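Below: one structure, written as C-alpha cells.
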Amino acid sequence: MDGTDLLTLIEGNGDAPEFDPGMSDEELLYCYGTMLTVRAFDDICLKLQRGGRIGFSIPNKGIEATQVGAASAMRKSDWIFPSYRDFGMALYHGVPPVQMMHNMFGNAEDTTRGRQMPVHFSWTEPIHFVSISSPIGTHIPQAVGAARAFQYRGEDHVCLASFGDGGTSSIGFHSALNFAGVWKAPVVFLCQNNGWAISCPSDEQTASKGYAIKAQAYGMPGVTVDGNDLLAVRQATLEAVARARAGDGPTLIEALTFRMGGHSTSDDPSKYVPKEQLEEWAKRDPVTRMQRYLERRGIWTQAVEDRILAEAQERVAEAARIAEHTPRPGLETIFSDVYADLPAHLRKQGEAAFDLAKRKGDAVAGGGEFPL
Amino acid sequence: MDGTDLLTLIEGNGDAPEFDPGMSDEELLYCYGTMLTVRAFDDICLKLQRGGRIGFSIPNKGIEATQVGAASAMRKSDWIFPSYRDFGMALYHGVPPVQMMHNMFGNAEDTTRGRQMPVHFSWTEPIHFVSISSPIGTHIPQAVGAARAFQYRGEDHVCLASFGDGGTSSIGFHSALNFAGVWKAPVVFLCQNNGWAISCPSDEQTASKGYAIKAQAYGMPGVTVDGNDLLAVRQATLEAVARARAGDGPTLIEALTFRMGGHSTSDDPSKYVPKEQLEEWAKRDPVTRMQRYLERRGIWTQAVEDRILAEAQERVAEAARIAEHTPRPGLETIFSDVYADLPAHLRKQGEAAFDLAKRKGDAVAGGGEFPL
Amino acid sequence: MPTLTLLQAVNDGLKTVMRNDPTVLVFGEDVGPKGGVFLATEGLTEEFGVERCFDTPLSEDGIVGAAIGMAMNGLRPVAEIQFQDFIYPAFDQIVSEAAKLRYRSGGQYTAPMVIRTPYGGGIRGGLYHSQSGESYFAHTAGLKVVIPSTPHDAKGLLIASIEDPDPVIFMEPKALYRTLKGEVPEGSYTVELSTLREARAGKDVTVFCYGAMVTVAEKAAEQAATGGIEVAVVDLRTLLPLDEEGVLDAAKRTGRVVVLHEAPRFCGYGAEISALIAEHAIEYMEAPVVRVTGFDTPFPNTLEHNYMPDDRRVLDAIEHVYNF
Amino acid sequence: MPTLTLLQAVNDGLKTVMRNDPTVLVFGEDVGPKGGVFLATEGLTEEFGVERCFDTPLSEDGIVGAAIGMAMNGLRPVAEIQFQDFIYPAFDQIVSEAAKLRYRSGGQYTAPMVIRTPYGGGIRGGLYHSQSGESYFAHTAGLKVVIPSTPHDAKGLLIASIEDPDPVIFMEPKALYRTLKGEVPEGSYTVELSTLREARAGKDVTVFCYGAMVTVAEKAAEQAATGGIEVAVVDLRTLLPLDEEGVLDAAKRTGRVVVLHEAPRFCGYGAEISALIAEHAIEYMEAPVVRVTGFDTPFPNTLEHNYMPDDRRVLDAIEHVYNF
Ligand SMILES: Cc1ncc(C[n+]2csc(CCOP(=O)(O)OP(=O)(O)O)c2C)c(N)n1
Ligand SMILES: Cc1ncc(C[n+]2csc(CCOP(=O)(O)OP(=O)(O)O)c2C)c(N)n1
Ligand SMILES: [Mg+2]
Ligand SMILES: [Mg+2]
C-alpha cells in the first residue's frame, strides 16, 4: 500500500454502509455541533475583520470535518501541535470561544497577551494545544521531540502534528518525519491537503502522487483519507493513534479537503482558484455530508439544526462582545516572558517606556494593514 | 518499481553476462586506471597527513567504482556538484593530480587560495566541478538551480549532485528533490550510500527501506545500484542523464557501497564499525571486481596492472612533491574575493595586517589539530 | 516624473530590469499569478511569462539554494522571501553559501543575486510578520545589505543591486509600501550602492537611520526644528559595505549623534555605528552616542506602536544629546 | 581538586548533571558510541544508556526542533551541534522558536534547553570549522549566550545553563579544548550566569573578551606589564543577558578600553560593548574604544594565524589606547 487509496466512509448522500463508528448519538451530535461552531466562529471573525474590529482571520470553511474528526480521536492527555487553521480542534476539546476571541482581539485576557496575531492560539488546558507559530513547519519536529519525552517516561500519550500541503515542503516536515521514523516516536502527522498553499496549487507544491506517499521516504505508513468525511478522518486518526500508543511508531495521514474561502481575510482567491474547482468542492461540503449522515441515522431534524446553530452563533457572538470590551494588554507585557526573570537591560528599557508614556502619553497606533 | 531492486552488472567473479557496456578497451582501462589513481592519491594523502605535512584528508577506499562510474556518464559540458569524497570524479575528467595536491597543501596555487580545508576542491575546467562546501546538503538545491538555468536557456546539459547517505537527512536534500520534481529539472541525484555518516549507521539515519525509495516523495524515479560495480553505476547514471537531457526530469540513484576507511584521517572507525561488516565488504572490493572483469575481457594482465599502478603512484607522488614546495598564499588572499571589488573597510583591515606583519613579522601558526 | 508608492517603485524597478536583461528571473512564494502577497510582483508573469516569474514550493531553503545555482550558472535571480521573518530556513544557504562562494572558490564561482524581502513593523503582524533582521546579514562578510527609504531609491537601489556582482539582501520597509509616495524617474537608473543620503541637513545633531525609520527621524527633526535644534538626518541606504567615512564625517560635523532603528538594540546594527564613532571620532563627540531602537524582546502585536520607535522617542533622544 | 582540560571539564559537567537529573538527555551527531568528534560526550552512552545519550540523523533542524519539543514536555535536553558552523540549518528553530516560545505563549510553553557547540579557529578548519557566530545569537532576544574560557567555568557555567529555565547557546572554545588545563571541583557547582570574571586586574587599560581570546588577552597583558602598562582583562562569560553595569564599571575604572573577539568585526559582538560605553560612559573615556577582531572576511585556512587576533595585535591596541 503506498497510501494513495482514498478512505471514505460516509458517501455523498450520507450513507455509511456497514460502518459502525462506535459513537453515541450524543457524541455524533457534539461533533456536528462543533463543526457548526467553527463555521459560526469563522463567519463572525470575517465580519469583525471586514468591520475593522479585528485585524485578521483565517477562514476554515470546507475543512471542518478534518479538524473535528482528527481532534475527536485524541485524548485530553495527548498533545496537539496545530496549524493556524485548526479552530475546530480547540473547540472540540472544549476551549471556550471567548478564549479564542480574546486572542482574535489581542487583549489582556488573551493567553498570548496580545503578542501574537489573531488565530495564533495557545493553551495547556483542557488539552495541550501548543502555541501556534507563524513560520510553516517548525512545530513538526517539536511534536516529535515532545513525543520522545512521552516515550522516555514510558507514557502512552501521543502527539498530533497538523499542517497543510504547503507545509510538506518545509524543512521541519523532512526533519520531523525522518526523526520520528528512526525513533518510532508516538506521533500522528496530519497533512491537511486543502488544495492550495495561499496561491500555490498542490501540483506546483510537489510532483509526488499526493502527500501520503511521502511516508515511504521515512519508513512509516501513509494513508489518504477523505477529509470532508468526519468519520473517515476520525477512523484513520484513531488507527494511527492506536499504533502510536502501542509503540509501533508514527503515521502520515493525508486528508483530502478543500479551502473554500481565501487563504486569510486579506486574500482574494478569485484571482487564482478556478471557479469550477470551487464549485466542484462546494458539492462535497463536509457539514452537509455529516448532516445527511445524521439524518439517515435518525438524529437530525431541522429543529435540531436550528437549535444547535442558534446556540453556536450565540456562543461566538457573546464571546466576541466580551472580548471586544476587554482592555488591551498593559505596557509591561512587552517586556515580560522574554525570559523567566526580567534581566537588567529589559528592566531599564521597560522603565524608559513607562517614563515616556507618563511624560508624553500613549503612543499612537499606526494605520498599517495586514496584507495576507 | 519502488527503487529497491539492486542493479548489478559485473558479478563478483568478474563476469558480466550478456551486458555490453559499449566501451572500448581503452575507455575501460582508463576507468580502471582512474580507480587506481584514486587509491594512490588516497594512500599518499594518508601518509602526508600521518607525517604532519597536510592537515587532513578523506579516505576514498571502497567507493572508487561509484565515483568513476558516475563521472564516466557525464559530458564535459555538464556540471558536477560533488561531495568532499569525490576525488575520482575530478580525476576521471582530467583534473591533474597536482592541482588536487595544491589544495591538499592549501598553497598559493590552490584554486581556493588555501582558504578551504583539504579536499574542498573547485574547478571550472576541464569540467565544472563546483566548489565543495563543508556544510552537508547545501549544494543539492544549488544543482537544481544550475539545472534550471540550463533549462531556461534551452541547453541540454545536466547537473550531477552527489552526496552521502547522511546527506539525505539534510534540509538541502528535501528542498532540492522537491524543487527538481516540480521543475522537471535536468539533475541526477547520486546518493552514495557507503553505510555510515561518520559514526551513524544507515539504519539510524532513516527508517526508510534504503534511499532510492525516497524518490517517491518527490515524484521521480529512484534506482538502486551496486556501487562497487563500475559498469552498473555508469549504466544507471547514463540512463538518468539521458532522461534529464531529454527533458524528462530528475532521477535519484542510490549507489550501495561501503566506506572502507575512516570518515577522515582524524576518525577511528574501529570504535564503531563492526569488524564483520568491514570484512564482508572487503570481499566486494570495487577495484578487484573491475580487475576481474577486465581480465575476463582479456585486457588485464599483471604487467598491465604494474604499469598503470606505477604510473598512478608516480603521478601523485610527483604532484605531492610539487605542491609541498609551492609557497603558501600571500596575506592579501585573506581580503580578496570577499566581494568582486575590495570595499573600503576591508582595504583598511588589509593595510593594518600588512603593517603589523612589517612591524612585527609574520604571525605564528598555532598547534591546533583538526579533530574529525 | 511619475509619482509612485514605494511598492510601485519596486514593481517598476523589477519590470525595468526584466525588460533590459533576459537573464533576470523572479520567483518565490505567490509571486506569480497572485503578484505577491503585497503585490510587488504584480503583472510580471503576465508580461514576462511563467518562465521568468514563477511560484515555488513553500521552501525558503529551496528558493535561495536554487537562486545560488542559477546565479552560478549565468542567470540573475531575484528571489522573494515573503516576509523577512521567514528567511531563517534559508539562513544556511545565505550565510554559508551565497556569502562565501566567491571566497572559497577563489572567484571561480560567484552568486550575483538579490533576495528581496519586506521587513519591519507597522502592519499589526506580531512576532512573525514584523521583524528587522538586518544585523544578522550585516555581520556576514560577503553579503551586501541594502534598505531603501524612498520610492526613488527603492527603484534605483534595486536595479543597482540586481546589476551588482555580489549577493544582495534587499530589505523593503513594508510599513512604507503604500504610505510613502514620491517621484520616480521612468526607465533605468541606478543609485550607487554604499553611498549615504543626507535626507535633511542640520548642524546640531545627526540622526543615522534607514528604511521606515527615516520618515520617523524626519518627523522628529521637524519638531526639533521648532525648538531651534537643527537636525541632520542621514539615510544609510547600504548597510554593508557601509560608507564608513561618510558616517564619520556626518558624526563629526555635529558632534552629537542619535542612532535609530526598529530592530532590537542589543547587538543591533546601531551598535556598529556607535562603535565606529567610539573608535574613530570619539574626540569629536560632545555627548553620548544614543541609540533609539526596538526593545530587546520579540515583536508584540497589539502594542506594536509602543514597541516601535516613534517621533516622540526620537525627539527625546535628540533633545538629550543636544542638551547634554 | 583535579586538573582537567576544558574538554574534560565539559564532559565532567555533563556527567555530573546527568547523574543528578534524569530529565537531562544528550544527543546530536556522533555523540553516542563515538563520544562526539571532539570526545566531549565520551562515556555518556556507556554510563547512562542509549536512551539518555544518543546519535541523531544528520539534521541540525531536527536536533534543535526535537530538543524544543522535549523541553516543552518536561525534559532538559542538551543538544550538541558538531561545529558551530553547522548550526545554521537550525537557525529558524533557534531564532523563531526556542527564543520566542515563552513570549508568544504567555509563559505557557517554555524551552529550557542547552545547545552546546564548539566554535572558533585555531585547528586549521578553514571557512566551515572555525566560525564564531555569537553575535547572531546575542542579537536574539529570548536566548542566553554563554562562552566559558576556563575548565572551571566550563563546568560551572554548563551546569548553570542546563539548570536555567531559558534556552542557552553554550559555545565552547575548541582551540582551548585540549590546550587549556585548570583545577575543576568535583561534583556539582554552578557559576552564575550574567556575571563577569576579572581574569586579571589592572588600572590602565581594560580588555573585554571571552572564550579563547581570554588567553590571548592575558598573554598580551603580561607583555604590556613588562612595559609598565597594567591591563585589566574582563572575561564576559555570559554574552546575553550581559552584566552591562559590570562592563561599564570596568570601562570607567581605566578610561581606556580594548574590545577583543575572533569573530568578524562588522556588527560583531564587540560593537555592542563599544556602543554601551559610547552611550553610558563616554565621559570617562580618555581614548578611542578600539576593537581587535577577526577580519570582515570568511575564515581562511592556511593563513588562519594571520586572521585570528594574537597577542601582538592586542598589545598593539593596548599601547595605542594607553598612549593616546
Ligand atoms: C516559513 C514560512 N514561509 C512562508 C510563510 C507564509 N505563508 C503563510 S501560510 C502559507 C501557505 C501555507 O499553505 P499550507 O501549508 O497548504 O496551509 P493552508 O494555509 O492551506 O492551511 C505561506 C506561504 C510562512 N508562514 N512561513
Ligand atoms: C550541516 C552539517 N552538519 C554536520 C556536519 C559534520 N559532518 C561532516 S561529514 C558528516 C557525515 C556525512 O555522512 P554522509 O553524508 O553519509 O557522507 P560520507 O561521509 O559517508 O561520504 C558529518 C555529520 C557537516 N559537515 N554539515
Ligand atoms: Mg493548503
Ligand atoms: Mg555515508
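The basis for the numbers below is simple: all heavy atoms, side chains too, and nothing from hydrogens, waters or symmetry mates. Since this is a predicted model, take the numbers as computed values, not measurements. Each chain gets a letter, A, B and so on, in the order the sequences are listed, and its residues count up from 1.
For D/Ile273, no part lies near chain C; criterion is any non-hydrogen pair under 4.5 Å. For a residue to count as touching a neighbouring chain, one of its non-hydrogen atoms must lie under 4.5 Å from one of that chain's; by this rule C/Ile87 does not touch chain D. C/Phe295 does not touch chain D: none of its heavy atoms, backbone or side chain, sits under 4.5 Å away. Heavy atoms of C/Gln131 lying under 4.5 Å from chain D belong exclusively to its side chain. If you measure heavy-atom distances from C/Gln93 to chain D, you find no contacts under 4.5 Å at all. In this structure, chain D has no heavy atom under 4.5 Å from any part of C/Phe86. Contacts between C/Ala287 and chain D at a heavy-atom distance below 4.5 Å involve the backbone alone (N, CA, C, O). In this structure, chain D has heavy atoms under 4.5 Å from both the backbone and the side chain of C/Val290.
Put simply, the side chain of D/Tyr103 never gets that close to the backbone of C/Phe299: no donor and acceptor are under 3.5 Å apart. Remark: side-chain polar atoms of D/Tyr88 are not paired, donor with acceptor, to backbone N or O of C/Ile94 under 3.5 angstrom.
Using a 4.5 Å cut-off between non-hydrogen atoms, the part of residues 136-144 of chain D that approaches chain C consists of D/Tyr136, D/Ala138, D/His139, D/Thr140, D/Ala141. Heavy-atom proximity under 4.5 angstrom to chain D picks out C/Glu244 from residues 243-255 of chain C.
Counting all heavy atoms, side chain and backbone alike, D/Arg104 lies closest to C/Tyr128 at NH1-OH, 2.9 Å. For the pair D/Phe266 and C/Leu242, the tightest heavy-atom approach, listed with the atom from each and the gap, is CZ-CB, 3.9 Å.
Annotation: maximal heavy-atom pairing with chain D below 4.5 Å, among C/Pro288, C/Ala278, C/Ala275, C/Pro298, occurs at C/Pro298. Each of C/Leu276, C/Val259, C/Asn301, C/Val289 has some count of heavy-atom pairs under 4.5 Å with chain D, and the biggest count is that of C/Val289. Highest contact tally toward chain D, considering only C/Arg291, C/Glu283, C/Arg265, C/His280, is held by C/Arg291 [criterion: heavy-atom pairs under 4.5 Å]. Most heavy-atom pairs under 4.5 Å with chain D: of the set C/Pro89, C/Gly126, C/Ser274, this distinction falls to C/Pro89. For chain D, the option among C/Asp61, C/Val95, C/Asp92, C/Asp85 with the highest count of heavy-atom pairs below 4.5 Å is C/Asp92. Here D/Thr297 is the residue among D/Thr297, D/Asp296, D/Val257 with the most heavy-atom pairs under 4.5 Å with chain C.
At a threshold of 4.5 Å between non-hydrogen side-chain atoms, the residues C/Lys100 and D/Leu127 count as touching.
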